[in-house]
Structures are given as structure tokens and as C-alpha cells.
Amino acid sequence: MAFITANWNPLGEAFYRKIELYEMGWSLRDGLKECLVAAAPYGGPIALLRQPQRPSSSARPQLEIYSSSGANMASFPWKSGPVRQLGWTVCDDLLCIQEDGTVLIYDLFGAFKRHFSMGNEVVQNQVLEAKVFHSPYGTGVAIVTGASRFTLATNIDDLKLRRLPEVPGLQGAPSCWAVLTQDRQTKVLLANRADLYILDNTSCTPVTPPGLSLQSCSIVNMAVSFSYKYLALFTDSGHLWMGSANLKDKLSEVDTKVRTPPKQMVWCRRPKSQQPSVVIMWDRLLLVAGECTDTIQYTLDEESVCVAELDGVRIVGGSRHELLQEVPSACQDIFKIASMAPGALLLEAHKEYEKSSQKADEYLREIKEQSVLGEAVRQCVEAAGYEHEPETQKTLLRAASFGKCFLSNYPPEPFVSMCRDLKVLNSVREYTVGIPLTHTQYKQMTVQVLIDRLVYRKLYPLAIEICRYLKTPEYQGVSRVLKHWACCKVQQKEEPDESIAHAVSVKLGEAAGISYSEIAARAYECGRTELAIKLLEFEPRSGEQVPLLLKMKRSQLALSKAIESGDTDLVYTVVTYLKNEMNRGDFFMTLRNQPVALSLYRQFCKHQEQDTLKDLFNQDDDHQELGNFYVKASYKEKKLEARLSLLQSAVDEYNKAKNEFAAKATEEEMKLLRFQRRLDEEMGEALLGLSLQETLHALLTSNFHKQAEQLYRDFRVPDKRYWWLKLTALAEKDDWEEMEKFAKSKKSPIGYLPFVEVCVKQHNKYEAKKYVSKVTPEQKVKAHLAIGDLEGAAEAAIERRSEGEISTVLSRCSPTTDRALLERLNRARSTAAKK
Amino acid sequence: MSAHLSYGRVNLNILREAARKELREFLDKCGGSKAIVWDEYLTGPFGLIAQYSLLKEHEVEKMFTLKGGRLPAADVKNIIFFVRPRLELMDIIAENVISEDKMHSPRDFHILFVPRRSMLCEQRLKEQGVLGSFINIDEYILDLIPYDGDLLSMESEGAFRECYLESDQTSLYHTAKGLMTLQALYGTIPQIFGKGECARHVANMMLRMKREFAGSQTQILPVFDSLLLLDRNVDLLTPLATQLTYEGLIDEVYGITNGFCRFLPPEKFSKMQLNSAEELYAEIRDKNFNGVGAALSKKAKIISAAFEERHSAKTVGEIKQFVSQLPHMQAARSSLANHTSIAELIKDITTSEAFFDNLTVEQEFMTGVDTDKVNTYIEDCIAQKDPLIKILRLVCMQSVCNNGLKQKLLDYYKREILQTYGYEHMLTLNNLEKTGLLKPQTSTRNNYPTIRKTLKLWMEDANEQNPNDISYVYSGYAPLSIRLTQVLARPGWRSIEEVLKMLPGPHFEERQQLPAGLHKKRQQGENRTTLVFFLGGVTYAEIAALRFLSQMEDGGTEYIIATTKLINGTSWIKSLMDRPEAQAS
């Protein structure tokens, strides 16, 4: 503990520290000499392309991929063209940019994924230099060709090549250059000796950094900060200029007194940096220069590479992997020698407490007197996050926990989540995993991305452990990991389908939100159709299974899955697909076995393909529906003969369907139609298409009584209805004489009240009265009321001693009604009520 | 505009707001000025979600009705088609787009499918060669539309016909999806009860969808305690009966569509929105019509008394207070005037002899009087050629109340109908038979009387003014569907197992696991909330009966109602009719 500040170096007001992350596990014979190296930020993987020792020999270069701790992940001889540059994408894929402009993409384990080209023009002129950069749009590639032209691809997953304008006076490669992302635009900043230009899509603009004193010098190196906000330029006079990347402000200028062009130069900043700096590397020297005039110098004893991070710089060498960073203020406050900051006191207090010394109390009192205990706890928690050594983390957290005991209402959240975060971080920093993430980086990249990275490394158990530990919702966490695992599993060519399907189902089991169809799709891509089908069976979302099943030509299965999903549109989709794919017979047979699909297809045909509909009914021997079909069709026919023949077909079908009623009704309709036609022809009527009732009515009003009688008999029209019909027809044409004859012809099956009512309806009370006497006693009151004979109604009602009827009559009485009648009615009502 | 949605037990405005948000997001996706081309069927339902003002705020400048040929000229950047996923509509759209391309001004095309995208339709557009012309093809998931504070409707006219006649379960899929959306907003519904084939199918889909989305559930405390899914064909009787509540009668006489009612032109309020936003209407809508007069006159007295207060207002403060209440009072007065006129119009009908006779026959059927004989009233009505739908309602009712008609009787009625109204109604009769509304008696035993007695479907002494039982909504007949709901709440369906077996389709109960910590702890005396979903439609009288149950002091359950469509006997039978158009020879 006492030596915690041993590796601290002051730079201005701040301190810088260099801590060892790993002793590298690789054994490189010549270190990093003669190697193309690419190390991904956020503790990502390292790729090396070792050039053959004698360029002339036929020996091929070797491509090797390592974790940050130097564990080998892949290694294979490079068989493609000469490589200019290596780089990593945000998804941990390796980009190899060849001289001819081809970019080959490999995964972490050296498996080739795909390739693309930076343009035809490059093939001739060759790539002189290339850079891989990251922006909010993804990973991009920039190259400069032998013709001194720049080409950019902002996102390699959505490849759009942009050739930038020419730079005046530039021959060959520029002295140095960098890619910037500003105002949602990607630009290139380049130096051609003393001149500085900004290249964007449309123009090349000369720029001058404010206050760069030695104008005549050429710029030999430049560095853009992690966030693209700051820029550093190094001149051949050994001066370092630092300023904002938009070239509006200058931060400082330092004379390094080294004139050799540096091998590498990177920014070393952290969020809330007190003393941001630039790390410059030469063959044997590493120099840290900040805004102040001081510098820190380290000697390098081996070939190394600097990797810029969000909160520092990693230095990867042949044998060691170190992190150089500004000491965060919380750590400074606590560990600075003789610090009296609250956190430092709390740490002291806890130390004494562990020793069971009463001094603990003194320290605590001192903190509490200043009422900064909360602050002290916060500092300890924060500092723990910045410390790499688990022991130091624990000491700080214990101190924080101790301090918390003396606080009421201190929110537990920051402490708890820091403990969790550190547990996760320590587990991924583990040598075998080799992801040396800092807490700041972890927070920036989020758990989701960390899980992804572990998944890319096929570290599934660890990823699942972390998800479970952090209680990530299953479908974002464990399920996602398992899905990746399964996708990887199905690619194992040596294992048989059965065992893979079994393994997958056992492991994925009931895990929520697993998309088996995605896994199956992967299996299908690898040419394992059978496995894909087996896997699809585990997919709970039937709908998801359908497209893949169709793709694999398992249309029958697709159909039953679509039905299972309940999504009728999906069923329709499969049905249309089947229809085009199969011959008609098979298609119908398939539908026959799937009633849901069949009825949907019927619906479709009803609107779109009437003829198919008929075939469907035929196939099913559905005679009832066939009958209906012919009936419907008959109405579309203009010619009577055609109509009749369709109706005859309907009759046949109805008979087959044993629907006697329908067959008979249809026959009658045919008879009626023929009858109507005959009459139309003979008498010039327009009866065709009318109902029987309408026909009768038309005949009766046109005085074709004989024909009406005939129809009435032929069609066995019930007496009652016929009487009604005739009665109404006669009234309508005011044929009162005929009506009277009709009334007397025989006893009315509908009684005589209708006669009264029909007459009244035609405003003929005189005629109506004739029938009142014939009305049955029960209907007398109604009849009298209908003709407006209140007295008659009263008499009838009183005679029948019906309370209800008397009330009805009373309700019709008006103030002008005879008093005597009213009294009689009232009296009669009360007597009736008494009964 | 939508405040009345928030006052109920469940704030249905959340659903409306979610729907509006989605609409706005889609409109903003099509930047610049726009014209909407409407599938006419959708305008009614959309009116319940958003008014023109919302569309206007998002640069909708013109609206057209979808029809063939060339689109009307409009100087806008975007043309958006709002359509149901129907093939015939795709053909019209294709025609529009193709004729548009010939003109010079380029406009961007978009399609918004309501309620769901359809691969079949997109395929059709592709075949027509216009799929590529669309910049955005999106779906607007509008399944359940908030209709009132306690009422959701899918406004899907053909649902009953599709499900029970054509075995097309598309609307059930939308129902299940709609219920999933509802659960996403209001929490998982722990208990699902159901009766009927369709109910079973919907429940199955819901459980399947829940499995499919496992893990992505929202952590919301459940608002609904249970869901009851009821097939319309479990209770075919109720919609056939004439509704006797105020709202029910308005619907029977004038018809209410998408919450609006059109009265005949001489009335000054020719088109009126009817919902609980109108205080007076909310008070009287569910009353038996015989109780409406009294309620109106009581209200009239209160209002005139309130207006009288101006004479007693002496101090400036009192006058000020009076004036501040004036707008509200005036609104109340005009609302009173409107409803008094409507009630008078309806009274003219309900006091007519024809109405009385019809009702008498309905009640005879429902009480089981002579349901196995030819009914003379029906005969007379046919003889006088009363409207066919009226006849069909009565005949179906007789059939339902007799558990089918003897073949001879059935054939007699059918023959009478065909001879009187025309042979073409053969298809309609066939449809009614397929759905079970009309059927030949197969077993000798008529189980309707057992059902009626067990479920107490007929109450002799229905109190219309101060009801004490749901039977008041039909002046004696207690709707079967609502009795089932009532028994489920207390004492439970186990007590009526026998009757349930007589009704079509399975009955079931499912439980949905709630995430830990979301189990509701009910306060002492706190009511349960049940969502009752009527698959195939519900009548206003049934809704009134459920509201009555919700308000019962010791009821213990409050009901939210959802349905595929609000129906009455007439609209329902109409949806089942098939009418081939005869070609003029």
C-alpha cells in the first residue's frame, strides 16, 4: 500500500502513472520488430503480420491474432497479396487492407468472412497508406493512393466509396495525415511538409493552426484525440503543437528538443483531465508532454506500439503490456502523500480500525466535524473503480463500507453497483480472458457490448455468468448469448445433426425469447437443411418459422406452421406459394388436409377466382355449396335459358346433398320463371324475376284473376296468405265490389278484421263498416276503434267485460267525448276489475 | 374531446394516446405536405382516434376517398394510402399509381395498412408492378379502439360472418393481437375465462403469443383481474330481441355507427355523437325506455331551478358565480332539449300497435309459449310483406327458443319467405342455417326451458323504473350472455356446469403467470375488474346490463367491455344476408 504512489510521475499539477497490465503470454522471437501491428481499443485483440525475414524468399508472411494478454487465438500463413495496413472493426473483425485496395475481413479466430474493394482506380495506383477509423456510423477505412488521391468508406457494412478532391501540389504520400469526424462529416487532415489541408467531400481547404510559431518547419506527425476533439502536430524542429481539432484554439506548444520524427504519437487524455497530454514514441524513448512545459520521459527497452484509449494509452511491447494514464483526481486525493482529503482520512481511519486502534475514532471525528463523511465514502468508492489491483480495490471499498456505517440515508446504489462492476471487470481482465478494460471504458462501452465481445471470443459461459450476476433481463442477456452459442454450434461440421439439435435444445431449453429460426437460418446457410428443420421445431413463434421453411422448400410444413400461428395473412402467403409450386391436384389435396387453409382459400377464390371455387367444392363433393354456387351464378346470367340450366344444375346438386327443400324450392323457382316468361310473352307483363307474392299481386291488380288462381293452386300458397294478398290488391285498386264478393265467397281464413283495416288504410270507412259486424267478438273493439266508432267500441268492450279493452277504449276518449259514455266505461271497468 | 375515456375504472385514454402517438410518428416519417387517400371504411373508426386537426398539424392538406382511375390533383409532396389489407383495394391503388406516373409532377407514395401489413397484398402490388413506387410501407396496429370510458370496439363489421359462416379467423387473430397490446399497456391479465370455439381459439393464440414474447414483458401491475371471452354464438338469442333501453332503442330505430347517430333531416341535430361525454346522456342511456321520461322531467326541473337562481343572486359575487356556470347550464339545457325530442320520436314508435304486437311475440318466444307451432303473427307479417329482416329476426328467435324447429315447420317458414320475398333469399336462409340461427330440431328434447330456468332468463316482475336485476334491459328477459358473466363472478361457473354443456363450444379457464412482485394485493372491499370480450358483437342493451352490474353496490366486480363490433338484431342479420344482384335481361 505504501508504494502505491511509487510509479507516479508529476506533470504540471497532475500525476501520470504507468501500470503493468499483463506480462505477455506470447513468445515472439524478435518482439514486434518488422511487424504490422493492429491493436483494437477497449482492450481489444491484437493482430500481427510478421514480414518474412528475407523479402525475396518464397516464405509467406504469418498472420497471428492474440488477446491483449498475448494468448494466441489464430495463426495462419498469409496467402493473399501484400498487406499495407491492419485494423479492427467495432465488432472485433480484422480488416486487412492490401496494396491493391482489396480489404479482406476475418473474424477473431482467423476465419475469412468477406472482402470488398476500395475502388478500381486503386488497383493501378496501389495503396500507399491506409487507416482504419471509428465513427458513430461504424468502422471506416481511408486510403491514399500512389496518385496521391484519398478514398474514404465511412462504414464498411454499408459500403459507399467517396473519392476526395485532389490536393494541390501533393506528390506521393503526404508527410502525415489523420481522419477526423466533425459535424457528422468525415474529413481528412493532411500535412504536405509545412502546409496543412482539410479535405472533405467537395473541397480541399488550406488551414493554419493558430499560434504554430515556426511556420517554415514541416509537420512530420499528427495525432487526433479519441473523441476527435483535439489535435497534436509535431514539427521537424521538435516542437509539439496542441490545440482543438477544428483549429480554432491552441492549448499549448512544447519544445521536446528531439528532432527525429517520432514513430508514433497519440493523445493521452481522460474525462475531466487536469493535464491532458500527448505521448510520443521514438525507438528508445517514450515522452509525455502536457500543457505545462514539463515532460515525463520513459526509456523503452523494446519495440512497442501505443494504443489510444478513452482514458489513457496502452503500450504493447514484446514482453509487457502497460497502461499509461493520468492519475484520476479521486485516487490523487486519497493516495497523494500527506493528503488530508476526506477519502484519505477515511482510509486511514479504517486502517486504524482494523488494527483495533482508537485512532480510528479520531480520524472519524475529524471527518465528521467537517461533515464530509459522505464525500469521503464517495471518494473511496470512485477511487476503487480506478484501481487495477483487486487488493487496492478491496481496501478502498472496505473503507467506504466502514464509513457508510456512520451515515444514515446514504444511498447504497453507487457502492453496490461499483462492487458489481469491479467483479465483472476483474473477471474479464483475468489473464485467460485478456480484456484489460478500465472502469471508465466499461461504462462507456456498456454491458451489452461487453457481452457481445465475450460472445465474439466464444467465451459463452463467462458471458452467461455475467448476465446472471448482473440480472440482465433474460432475453437481452442469457438468451442472446445462448443464441450465439447455438449459431456457432450448428457450424461444427463434424457433429451429426441429431446430437447438435439435442445439445442445442437441452442448453437453450426454456430460455425466454430465443429465436430458433435465426439459429436454423444459420444452419441452413451452412448447408445443413435437416438440422435447420429440426431446430425450427423448437421455435415457439410459428410465424417466424414460415419464411425459412418456404426457402427450404418445406412448404407443407410451412403451411401447418402458418396455421398454427393464427396469422391468416401468413397462411394466405403460404397458400399462394403452394398454388404456384404444385400441380392443381396436389394443391387441392394439401388444402383438403388443412381445413383452416381451405376455408381461407375459399374466401380468396370467392373474391378472386370463382371457377376455382367450383372446382374446390367439386373435389370435396360439397353438393350443398355447389348448389348455392349455381344459384349465385344463375343471377349473373341474362338469358333465361342459361339461367334455367344453371338452376337445374343447382337442383341436381341439392338432390345429391339430400336437401329436399332446396331442390324443391329451386324447381318451383324454375316453374315460376317459365310461367312468368309465358305471361310476359302472352300478356306483355313484366313479371320475370318477381317473387311469387309479387307476381300474384301484379296479376290481381291487373285483373288476371284466373292466372292468379292458377298460380295459387300450382304453388300451394296457403289460404291465409292468399286472402291477405287478394284483399290488399283489391283495396289498392278500389275494387270494393269484388272485395265484397270475395268476402262472401267463403269463410275468411284470416277473419274479417283485416278487411276493416285494409279499407280504413285506403280511407274508405264506408266500406270498412260493412265488415265490422262479421268480426269475431274478440276483435270487435279493435274493429270499432279502427273505423273511429267509439260508442260501438265501448259497447263491445263493456259486453265483453274485459278490463284491458275498456282501458284501451278509455285511452282513445278525448275531452269532447260524451260524459255519459265515459261514466259507463269507468263503471264497467271497476266492475270488471273486481272480478 | 377524449376526457370521457379517462373517467372509468380503467383509463382507456392511455390506449387512445398510444394510438395517436403511433399515427403522428408515421405521419412525420413522410416529411413535407401530404394528402391522405382513405379506404372509406376506415374513416369512421379513425374518427374515434384522431380528428382532422391532428392530421392537419402534421401537414395533411388534402383527403380523398380511394377509388379507381387517376388521383385528384393536389399540390403535395406525399400521397399516403390508408387502407385495410384487401386485395381488391390493392388493385385500385395500383391503378392510381400507374396513372399517376404518366403525369409530370413526381409525388412520393406511402401505404399505411390498418390494422396489419399483409404479405399477400404486397405480393399483389408487386405483381401489378407498383410495389417499388412506395417509399414507406407500414402498418398501423389499430385493433381495439376506445369507444367510451368502459367500452372498446374493433369496429369490424364482418367479424361474426367471417368467424361463424366462412371459417375465416382473421378477426380472431386481430383480437388476440389487440388483447396483447392491451396487456402491454395495462399489464398481464392473470385469469382468462371463456366459452365457445372462437373464445378457445383466441385464448390459445394469446397464450402462444405470450410464450413467443416471453422475456420481453413489461413490468406493469395488472389493471384487469380477469378476462372473459364469449362467443356470440353461445348466446344467439339476445341480439334478436328488441332492445328496450334508451340507447338500445336509438340504435334499433336509427342505428348508431362509430359512435354517431343520424336522425332524419327535420331534426336540427341531424348527426349526433353519443357517448358519456354528454352528462345527461350518460345518465339516461342505459335506462329502460319506460324510465326515461321520468328522468328527463326530473332533469328539466333541476335545470330550470338552476336558471331560476339568477333571480336570487344578489351580490356581485353570486351573480359572477351564476354567470360562470352559465355555459355548462346552457349545454345541459340544449342536451335536455335534444334528448326530449329524441325520446318523443321513439315514444311514437314504442306506443304503436305494431311495436307492441312484435314485442308480445318476442316475449312469448322467450318465455317458451308455443315455440313449436306456426306463429300467426309471423304469418300475418309475411302476408303483409313486412320488412324481411323483421321476419328473419322473429323466425330465428323462435328457432333459438325452441332449440331448432321441426323440419316441417322450418320448411313452411322458409317456403313462405321464398315465395313472398323472392327465391334469391335461399342463400341467406342457408347462411342462417349454417350459423345455427335457424336449424331443424335434431333431438326431441328442447333444452331452452332448462337454460331459461337455470339461468333465470325470464323475470316476471322486471322493475323498469328502479331495476334490481339486469332483466330490465329487455323488460323481463335477462340476456344470457350477461347472466353467464354474472354467474362467473358469483358463485362461479361450476354451479351451472350442466347448462354450460348445453351451450355450444367448450368452456375453460386459463391462468397467466405474473412476474414476481406484480401480484395485486386487493384492499378490503375493492372491486375486481373484468374485461368481457364479445366475439362477434354485442348490443347496447347487453352493455347496459353490464354497467348495471358494475354499479351494483355489492356486485364486487366492475366490467370493461370489448367487442368486435356493436350490433343489433337488424345489423347483425343484415351482415349474414347474401343477395345476388340479378342481371337485367
[options]: which one forms the most heavy-atom pairs within less than 4.5 Å of chain B?
options: A:Asp567, A:Leu725, A:Asn628; value: A:Asp567
options: A:Gln693, A:Glu694, A:His607; value: A:Gln693
options: A:Lys664, A:Gln608, A:His697, A:Lys632; value: A:Gln608

| message | What I want to check is whether the side chains of A:Thr666 and B:Tyr423 have a donor and an acceptor closer together than 3.5 Å. | response |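 Checked: A:Thr666/B:Tyr423 side chains pair up, N/O donor to acceptor below 3.5 Å.
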Could you look at [X] and say if it's the side chain, the backbone, both or neither that has a heavy atom under 4.5 Å from chain A?
X: B:Met119; value: both
X: B:Gln123; value: neither
X: B:Arg208; value: side chain
X: B:Lys385; value: side chain
X: B:Leu410; value: neither
X: B:Asn430; value: side chain
X: B:Leu120; value: both
X: B:Glu416; value: both

Less than 4.5 Å to any heavy atom of chain B: does that hold for the side chain of [X], its backbone, both, or neither?
X: A:Thr576; result: side chain
X: A:Tyr654; result: side chain
X: A:Leu711; result: neither
X: A:Ala633; result: neither
X: A:Lys606; result: side chain
X: A:Gln624; result: side chain
X: A:Glu544; result: neither

Rounded to the nearest 0.5 Å, what separation is found between the [atom1] atom of [X] and the [atom2] atom of [Y]?
X: A:Thr568; Y: B:Arg116; atom1: OG1; atom2: CZ; value: 9.5 Å
X: B:Asp168; Y: A:Tyr601; atom1: CG; atom2: OH; value: 15.0 Å
X: B:Met426; Y: A:Asn659; atom1: CE; atom2: CG; value: 6.5 Å
X: A:Ser565; Y: B:Met205; atom1: OG; atom2: CE; value: 9.0 Å
X: B:Tyr421; Y: A:Leu692; atom1: OH; atom2: CG; value: 13.5 Å
X: A:Trp724; Y: B:Gln384; atom1: CH2; atom2: CD; value: 3.5 Å

Return the option, out of [options], with the maximum number of heavy-atom pairs under 4.5 Å with chain A.
options: B:His425, B:Arg124, B:His174, B:His201; answer: B:Arg124
options: B:Leu427, B:Leu172, B:Asp578; answer: B:Leu427
options: B:Thr376, B:Asp380, B:Ile382; answer: B:Asp380

| request: Answer yes when B:Lys434 and A:Glu625 have at least one side-chain N-carboxylate O distance shorter than 4.0 Å, and no when they do not. | output: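 Here B:Lys434 pairs with A:Glu625 in a salt bridge, since their nearest N and O are under 4.0 Å apart.
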| query | Taking NZ, NE, NH1 and NH2 as the nitrogens, is one of them in A:Arg602 or B:Glu166 under 4.0 Å from a carboxylate oxygen of the other? | reply |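 Salt bridge between A:Arg602 and B:Glu166, a charged N being under 4.0 Å from a carboxylate O: no.
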| note | Ordered numerically, the heavy-atom neighbours of chain B under 4.5 Å found in residues 716-723 of chain A are A:Arg716, A:Val717, A:Pro718, A:Lys720, A:Arg721
Evaluate whether atom [atom1] of [X] has more than 12 neighbouring non-hydrogen atoms of other residues, nucleotides or ligands under 6.0 angstrom away.
X: A:Glu660; atom1: CD; result: no
X: B:Lys347; atom1: NZ; result: no
X: B:Phe356; atom1: CZ; result: no
X: B:Lys406; atom1: NZ; result: no

| request: Considering non-hydrogen atoms only, spot the tightest contact between B:Ser167 and A:Ser599 and give its length. | output: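 Result for this residue pair: O-OG, 3.1 Å.
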| said: Can you list everything that forms a side-chain hydrogen bond (donor to acceptor under 3.5 Å, both in side chains) with B:Arg117? Sequence neighbours excluded, please. | reply: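 By the side-chain hydrogen bond (donor to acceptor under 3.5 Å, both in side chains) rule, B:Arg117 matches B:Glu122.
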| Can you list the steps and then say if B:Leu418 with A:Phe661 is a side-chain contact (heavy atoms from CB on, under 4.5 Å)? | CA-CA 11 Å; B:Leu418 293 186; A:Phe661 174 82; 4.0 Å; yes
| field | Side-chain heavy atoms of A:Glu668 within contact of B:Arg415, under 4.5 Å | value | yes
| said: Checking the side chain of A:Ser691 only, and the main-chain atoms of B:Thr420 only, is there a donor and an acceptor separated by less than 3.5 Å? | reply: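 Answer holds: yes.
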